[in-house]
Structures are given as structure tokens and as C-alpha cells.
Amino acid sequence: MSIVIISDRDPKAWIRALKNRNPDLDLRVYPHDSNREEVEYALVWNHPPGVFTEYPNLKVVASMGAGVDHILRDPELPANIILTRIVDEQLATDMAEFVLALVMDHLRNLSFHQQQENLQQWKPASYLRISEVEVGIMGMGNLGLTVAKKLSLTGFRVHGWARSAKDVENIKVYTGRENLPGFLARSPVLVCLLPLTANTENILDKQLFRQLPQNAFLINVARGGHLVEEDLLEMIRNGHLRGAALDVFTREPLPGGHPFWKDPRIKITPHIASVTKPVAVVSQVLDNYNRMKQSEPLKNTVEQSRGY
Ligand code: NDP
Ligand code: OXD
């Protein structure tokens with residue numbers, strides 16, 4: 001029995017962390033692995049589609065991150081495979097700190113003043129206060145809920161949107177498409193932390209943006225596939241949206257010459273909102289590996305049919 005890492009990222013930190021925890025682990029790294037029939041557990045990020053068919057005895061596909069859209073978009077993913085993802089407190093804390101930083105940047109015009117500094121321009125701009133701003137968070141799961149609590153504790157008025165009802169102190173959670181308009185109408189700052197599924201793809205479009213208050217600001221830290229890029233540009237250019245902070249894109253790295261790069265009202269970061277730290281999460285990966293070996297139920301599993 002063995003584990004294979006199949007990833008488009010440098011796997012060194014994962015190999016080190018897994019081997020430190022279990023020096024006897026039979027760990028292989030795609031594509032330099034052989035005897036693929038011995039592999040039952042794959043740890044993956046952005047694998048080449050169809051690759052799982054080369055592992056005839058594969059039982060578990062474990063995402064190296066919180067999202068599983070990169071796995072589920074593979075049409076050759078075996079239907080009976082067990083799918084797991086990372087659920088980690090540090091990942092959620094990192095996301096909460098990053099979103100707080102972006103909201104503060106928006107309130108206090110820090111990026112705008114940086115741009116003015118680069119031009120040696122002295123242009124005082126009026127700013128918003130925490131107590132004056134409401135923040136709406138789409139997706140109230142491991143990350144969204146942590147972000148919501150952090151912003152609420154900082155003094156923001158916060159509300160969320162999810163599929164199922166939740167009872168969270170000081171935070172109203174709207175549910176379902178029928179309650180989306182009410183949620184959007186009170187979201188001058190909108191944060192997207194939804195998983196990318198058939199139901200949420202392209203959800204950030206002009207029809208949705210029109211339901212936000214005038215001058216609203218979008219923060220997308222979920223997936224590029226949530227956003228209709230032309231609609232964002234149109235709604236910023238016609239003045240309905242004040243701007244956006246984007247950490248994720250349909251194509252990553254964001255191609256040179258993309259109109260997002262040129263618009264000063266769009267802040268771009270390279271998918272760094274919250275990055276899984278291998279040393280922090282290998283214990284849950286190995287715990288699931290042992291559970292698989294002992295035929296016990298795995299943790300942090302994802303239902304393929306639900307998509308998250
Ligand atoms: P979870 O699965 O824990 O939470 C998902 C949330 O979205 C849940 O509250 C769920 O509702 C809600 N949701 C799902 N579908 C719908 C829908 N159709 N309508 C309304 N609400 C819906 O995910 P995480 O919080 O762990 O992660 C969220 C996403 O963040 C990941 O999928 C990934 O894409 C992204 N991410 C980005 C990172 C970055 O660095 N930029 C880092 C890590 C993750 P309910 O609670 O009712 O099930
Ligand atoms: C994740 C990510 O899903 O980094 O973990 O985007």
C-alpha cells in the first residue's frame with residue numbers, strides 16, 4: 001500500500017512533512033512513480049485529467065487544499081472514489097486575516113494612496129469607518145464562518161449567505177436563492193467564499209452586482225469561476241461598483257495584458273489568501289490514510305454529487 005503525490009506544485013515541503021511524521025511511509029511522486037497498482041491513496045492538486053485511470057486500485061483522492069473543484073472537474077474521476085479535503089483552523093485564520101486586511105484597505109483607501117504616492121500626488125480621500133460598514137459573506141463554511149466571526153469581533157456588521165440555516169451570534173445567515181436579494185441589498189462589501197460548483201459557477205454576474213448598493217466593493221477569494229469577468233469590468237466602469245479585490249482567476253497565473261491588470265480599481269493578488277501549510281495538515285492526511293487501511297470512515301469527506 002502506498003501514497004502518491006500528484007501535483008503541479010513543488011511537492012518538497014509535503015514530502016518532508018509526511019516523512020517527518022512517518023519515516024516508513026511508502027510515498028511516491030507522480031510522474032516518476034512505477035508499479036501504480038500498489039497505490040491506494042492520492043494526494044493531489046491540479047492533477048492531469050484522466051491520470052487516476054492509471055491507478056487501478058486507487059481508493060482515496062485527497063485534496064491538498066480546501067477546494068475540490070480541481071478534482072471534480074476531471075470527467076474520468078472514478079465514481080466510487082472517496083474524496084477528502086483539508087479542513088484546518090490555521091487555513092481559516094489566514095483567510096480571516098487576509099479578508100480583514102482587504103476590507104481595511106478598501107475603507108482607508110490604502111491602495112489608492114499607494115498609487116498616488118507612486119505618482120507623487122497629494123490627494124486626501126474621504127474614508128469609511130468600521131462602524132459604518134456592513135459586510136456580506138457568501139459561503140459560511142469553515143472559511144466563511146471564521147471570516148464572519150473575525151469581522152464581527154472587529155466591529156463590522158456582518159451577515160452571511162449559505163445553503164442551510166445557521167445560528168451564529170450577532171450574524172444573520174440568509175439561505176437559498178430566494179433570500180439572496182435581501183442579503184445583497186445590505187452588502188456594500190461583498191466577500192465570496194463559496195465553493196465552485198455547478199450551482200455557484202458564474203454567480204458573480206451583473207444581475208447580482210445590480211442588487212448590491214451603489215459603490216459596493218467585491219472581494220473574491222474563492223475561485224475565478226465564480227466571476228463573470230466582463231460583467232465586473234462593466235459594473236466598475238459604469239460606476240455601480242467602486243472596485244474589487246481578486247485573489248483567484250479563471251486562468252492562473254492571470255495572463256499578461258488582461259484588462260484586470262490595467263484597472264487601478266481592481267486589486268490583484270496571486271492566489272495567496274490562505275495557503276495550506278503541509279506541516280500543519282499532514283496529521284489529518286495520515287490519519288485518513290490509516291483509516292483507509294483499517295477500513296474505518298474517513299474524515300473531511302466530500303460528496304461528489306453535492307460538489308463541495
Ligand atoms: P466549505 O465547504 O466549508 O463551505 C462552503 C460554504 O458555501 C457553506 O456554507 C455552504 O453552505 C455554502 N454553499 C455551497 N453551495 C452553496 C449554494 N449553492 N448556495 C449558497 N451557499 C452555498 O468550504 P470552505 O469554507 O472550506 O472553502 C470555501 C472555498 O474557499 C473553497 O472551496 C475554495 O474554493 C476557496 N479557497 C480559497 C483559498 C485562497 O487562497 N484564495 C484558500 C482556501 C480555499 P452550507 O453551510 O449550507 O453547506
Ligand atoms: C484551497 C486553495 O482550496 O488554496 O485550499 O485555493
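Just follow the structure's listing: the first ligand is 1, and inside any ligand the first atom is 1.
Here is the list of ligand 1 atoms found below 4.0 Å of a heavy atom in Asp247: 39 (C), 40 (O), 41 (N). Within the listing of ligand 2, atoms 2 (C), 4 (O), 6 (O) sit less than 4.0 angstrom from a heavy atom of His271. Atoms of ligand 1 found under 4.0 Å from any heavy atom of Ala222, numbered from 1 in the order shown, are 34 (O), 35 (C), 37 (C). For ligand 1, the atoms lying closer than 4.0 Å to a non-hydrogen atom of Arg163 are 11 (O), 15 (N), 16 (C), 17 (C), 18 (N), 19 (N), 20 (C), 21 (N), 22 (C), 45 (P), 47 (O). Which parts of ligand 1 touch Asn199 is read off a 4.0 Å heavy-atom cut-off, strictly below it: atoms 18 (N). For ligand 1, the atoms lying closer than 4.0 Å to a non-hydrogen atom of His271 are 39 (C), 40 (O), 41 (N).
For His159 and Phe183, the ring centers sit closer than 6.0 Å to each other.
In terms of protein heavy-atom proximity, atom 5 (O) of ligand 2 is closest to Ala66 N, 2.7 Å. The shortest contact between atom 7 (O) of ligand 1 and any protein heavy atom is with Pro195 CD, 3.3 Å. In terms of protein heavy atoms, atom 48 (O) of ligand 1 is closest to Tyr308 OH, 2.6 Å. The protein heavy-atom contact nearest to atom 4 (O) of ligand 1 is Gly141 CA, 3.1 Å. Closest to atom 13 (N) of ligand 1 among all protein heavy atoms lies Leu194 CD2, 3.7 Å.
Not a single heavy atom of Gly65 lies less than 4.0 angstrom from ligand 1. Close to ligand 1: Arg85, with a non-hydrogen atom less than 4.0 angstrom away. Residue contacts with ligand 1: Met138 is excluded, as none of its non-hydrogen atoms falls under 4.0 Å. Residue contact annotation: Thr197 has no non-hydrogen atom under 4.0 Å from ligand 1. Not close to ligand 1: Leu196, with no non-hydrogen atom less than 4.0 angstrom away.
At a 3.5 angstrom cut-off on N or O pairs, Gly65 does not count as close to ligand 2. An N or O contact shorter than 3.5 Å is missing between Leu91 and ligand 2 by distance.
Among the candidates His240, Glu234, Glu230, the single residue satisfying the side-chain hydrogen bond (donor to acceptor under 3.5 Å, both in side chains) test with Lys206 is Glu234.
Nearest heavy-atom pair across Met292 and Leu298 is N-CD1, 3.8 Å.
When atom types are taken as modelled, the side chain of Glu252 and the backbone of Phe249 share a donor-acceptor pair closer than 3.5 angstrom. Under the 3.5 Å distance criterion, the side-chain polar atoms of Ser187 are left unmatched by any main-chain donor or acceptor of Val189.
Geometrically, Lys262 does not engage Phe260 in a cation-pi contact defined by less than 6.0 Å to the ring centre and at most 45° from the axis.
For Leu193, heavy-atom contacts with ligand 1 shorter than 4.0 Å involve the backbone as well as the side chain. Contact annotation: for Arg223 versus ligand 2, heavy atoms closer than 4.0 Å belong to the side chain alone.
How far CG of Leu184 is from CG of Leu180: 4.0 Å, rounded to the nearest 0.5 Å.
Classified by interplanar angle (parallel below 30°, tilted 30° to 60°, perpendicular above 60°), the ring pair His106/Phe217 is parallel.
Using a 4.5 Å heavy-atom threshold, the side chains of Trp161 and Val173 count as separate. In this structure, Arg163 and Arg306 have side chains that are in contact, with non-hydrogen atoms separated by less than 4.5 Å.
Annotation for Gln294: atom CD counts as buried by contact number, over 12 foreign heavy atoms lying within 6.0 Å.
Looking only at atom types and distance, the side chain of Ser152 has no donor-acceptor partner in the side chain of Lys150 under 3.5 Å away.
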